[in-house]
Participant: 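Got a structure here, written out as structure tokens. Questions coming.
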Amino acid sequence: MPPKIRELIEILEAAGFKNNGGKGSHRNYKHPSVGTAVTISGKLGDDAHRYQEKLVKKKLEEIK
């Protein structure tokens, strides 16, 4: 079962990403010390798409 959008957001925030707002269902997260950014779209209760999971995983690797 795919994770929910809210779960991806929780993972990003736990890693230090800050929400820079967005428009509609899009949320822009940026890591303050590294400067890497990621945009997550969708309602909080929606299932995350596979590409979103891969993107979050890639961004988490970038900040290490």
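Computed from heavy atoms alone, side chains included, the values below leave out hydrogens, waters and symmetry copies.
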Participant: So Ile11 and Phe17, do their side chains get closer than 4.5 Å, heavy atoms only?
Facilitator: no
Participant: If you measure from the Lys or Arg side-chain nitrogens to the Asp or Glu carboxylate oxygens, is any gap between Asp46 and Lys4 under 4.0 Å?
Facilitator: no
Participant: How long is the straight-line distance from OG1 of Thr39 back to NZ of Lys30, given to the nearest 0.5 Å?
Facilitator: 11.5 Å
Participant: When you look at Ile40 and Val56, which way does the side chain to side chain contact (heavy atoms under 4.5 Å, CB included) test go after all the steps?
Facilitator: CA-CA 9 Å; Ile40 301 292; Val56 168; 3.8 Å; yes
Participant: Supply the atom-to-atom distance Leu12 CG to Asn19 CG, rounded to the nearest 0.5 angstrom.
Facilitator: 10.0 Å
Participant: Considering non-hydrogen atoms only, spot the tightest contact between Arg6 and Gly45 and give its length.
Facilitator: NH2-CA, 3.7 Å
Participant: Are the side chain of Glu13 and the backbone of Glu10 linked by a donor-acceptor contact shorter than 3.5 Å?
Facilitator: no
Participant: Is any side-chain N of the basic residue among Glu61 and Lys64 closer than 4.0 Å to the acidic one's carboxylate O?
Facilitator: no
Participant: Would a 4.5 Å heavy-atom cut-off, applied to side chains only, mark Pro2 and Arg50 as touching?
Facilitator: no
Participant: Side-chain contact test, heavy atoms from C-beta onward, threshold under 4.5 Å: evaluate it for Gln52 versus Ser41 and give yes or no.
Facilitator: yes
Participant: Could you tell me which non-hydrogen atom of Ile63 sits nearest to which non-hydrogen atom of Ala15, and how far apart they are?
Facilitator: CD1-O, 3.8 Å
Participant: Quickly, which of Lys58, Arg27, Lys59, Glu62 forms a side-chain contact (heavy atoms from CB on, under 4.5 Å) with Val38? Name it, please.
Facilitator: Lys59
Participant: Kindly give the heavy-atom pair with the smallest separation between Ile5 and Gly42, and that separation in Å.
Facilitator: CG2-O, 4.1 Å
Participant: Work out which heavy atom in Gly22 is nearest to a heavy atom in Asn28; give both atom names and the distance.
Facilitator: CA-ND2, 3.8 Å
